[in-house]
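Here is the structure we will look at, set down as structure tokens.
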Number of protein chains: 2
Amino acid sequence: MMKRHIYDCQAGCPVESTLQIIAGKWKSVILYHLFVDHNCHFSDLERKIKDCSHRMLAIQLAELEHDQVIAKIPTNTANRPIYVLTEFGKTLKPVITAMATWGDYYNAHMTKEAQQLDTNEDKKSKLDMPLPKPNLL
Amino acid sequence: MMKRHIYDCQAGCPVESTLQIIAGKWKSVILYHLFVDHNCHFSDLERKIKDCSHRMLAIQLAELEHDQVIAKIPTNTANRPIYVLTEFGKTLKPVITAMATWGDYYNAHMTKEAQQLDTNEDKKSKLDMPLPKPNLL
DNA sequence: CAGCATCCTCTTTGATACTG
DNA sequence: CAGTATCAAAGAGGATGCTG
């Protein structure tokens, strides 16, 4: 277990190195919520990320913890730890912020398109989307 | 075909919207190379991304083209088009840049750690990595 | 509630081969 | 060279049940 998508961290592309850490299906989403809320229980994340199953959430959290991106902190309430970003994990903020910013712009544009009843699937509709600007986190 | 990881673009998390477009195993890597080189032949990308198979590269390019992120431009040399970013695709630059910047810092830090013969796997070694700063693209 | 284990299914992906 | 098709192997992921 704990194998994962193997990208080549050496030869060349720095994006592959980043993917080695955040490429899990729900990892960047989990990180986004932790940047917003700072600390969450398992059940908090489960509620925020509805499409991620209980099992998947546990796996993704375990991998992020293994990679020192997040840490599990015990609480007085037994068996109900909170998850927080480590200092290392916090260095990923620019990446998650960029993703969140772009996603918001994309949503805003797509929603507007949808309101125009743009039925021709999604052809051409994306091509005039303006550059994202604001910052969220 | 052309199914793909379905994230919830509506309810809440903007990161999920971004993933809907760039979550493919090699998509962000392809985009990185296109931001660096501006236009590439299929074989150029194949050479740059050694761990991505011929088949996978074709699939990822097809999906990116379908999503209007890149465009395939015919050339005089028959059957040898070049791939370029669309205007829409260019809006992803901040995202790819953030990933590349972080990856470079991560590599620099990990390499230094490796030189110190840090054998205890990777425990704790990531925790003191400084925040990434420079911009590459 | 958190989270691990098992089972079982569907998807992804590499290897190989074939076309324009 | 670019792109597609087929096949088999590997991996991802849901459902369920069990434990502390």
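Chain A is the first sequence line, chain B the second, and so forth, proteins listed ahead of strands; every chain is numbered from 1.
Put simply, CD1 on Ile70(B) is 13 Å from C1' on dA2(D), counting in whole angstrom units. Taking atom CG of residue Asp44(A) and atom P of nucleotide dG3(C), one finds them 12 Å apart after rounding to whole Å. Put simply, CD1 on Ile49(A) is 13 Å from P on dA2(C), counting in whole angstrom units. Counting to the nearest Å, the C1' atom of dA2(D) and the CG atom of Asn76(B) are 15 Å from each other. If you measure from atom CD of Glu63(B) to atom C1' of dT12(C), you get 11 Å, rounded to the nearest angstrom. For the pair Leu61(A) CG and dA2(C) C1', the computed distance is 10 Å after rounding to whole Å. Rounded to whole angstrom, the span from the CG atom of Leu64(A) across to the P atom of dG3(C) amounts to 13 Å.
Remark: Lys27(A) NZ to Ile59(A) CD1 distance equals 10.5 Å, nearest 0.5 Å.
Axis orientation changes by 40° from one end of the helix from dC1(C)-dG20(D) to dG20(C)-dC1(D) to the other, with each end axis drawn from 5 pairs and the value rounded to 10°.
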Nucleotides 13-20 of chain C: which of its N/O atoms have a protein N/O under 3.5 Å away?
| from | atom 1 | to | atom 2 | distance (Å) |
| --- | --- | --- | --- | --- |
| dG14(C) | OP2 | Ser53(B) | OG | 2.9 |
| dG14(C) | N7 | Arg55(B) | NH1 | 3.3 |
| dG14(C) | O6 | Arg55(B) | NE | 3.4 |

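In this view, His54(A) and Glu46(A) satisfy the side-chain hydrogen bond (donor to acceptor under 3.5 Å, both in side chains) rule, not counting sequence neighbours.
Thr86(A) places no side-chain N or O within donor-acceptor distance of the main-chain N or O of Ala71(A), the cut-off being under 3.5 Å. The main-chain N or O of Arg80(B) is found under 3.5 Å from a side-chain atom of Thr75(B) such that the two form a donor-acceptor pair. Panel note: side chain Thr18(A), backbone Gly103(B); a donor-acceptor pair is recorded below 3.5 Å. Checked by atom type and distance alone, the side chain of Asp44(B) pairs as donor or acceptor with a backbone atom of His41(B) at under 3.5 Å.
Remark: Tyr83(A) is not in phosphate contact with dC1(C), judged by side-chain N or O atoms under 4.0 Å from OP1 or OP2. Close to dG3(C), at under 4.0 Å from its OP1 or OP2, lies a side-chain N or O of Lys72(A).
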Exercise for the section: Take Cys13(B) and His33(A), measure what side chain to side chain contact (heavy atoms under 4.5 Å, CB included) needs, and give me the verdict at the end. Expected result: CA-CA 8 Å; Cys13(B) 181; His33(A) 289 297; 4.0 Å; yes
Practice task
Start with the C-alpha distance between Asp37(B) and Lys48(B), add both sets of side-chain angles, then the distance that settles side chain to side chain contact (heavy atoms under 4.5 Å, CB included), and finish with yes or no.
Solution key: CA-CA 11 Å; Asp37(B) 277 8; Lys48(B) 290 170 191 287; 2.4 Å; yes
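In this pair, Tyr7(B) and Trp26(A) present their aromatic rings perpendicular. The plane angle is above 60°, beyond the 30 to 60° band.
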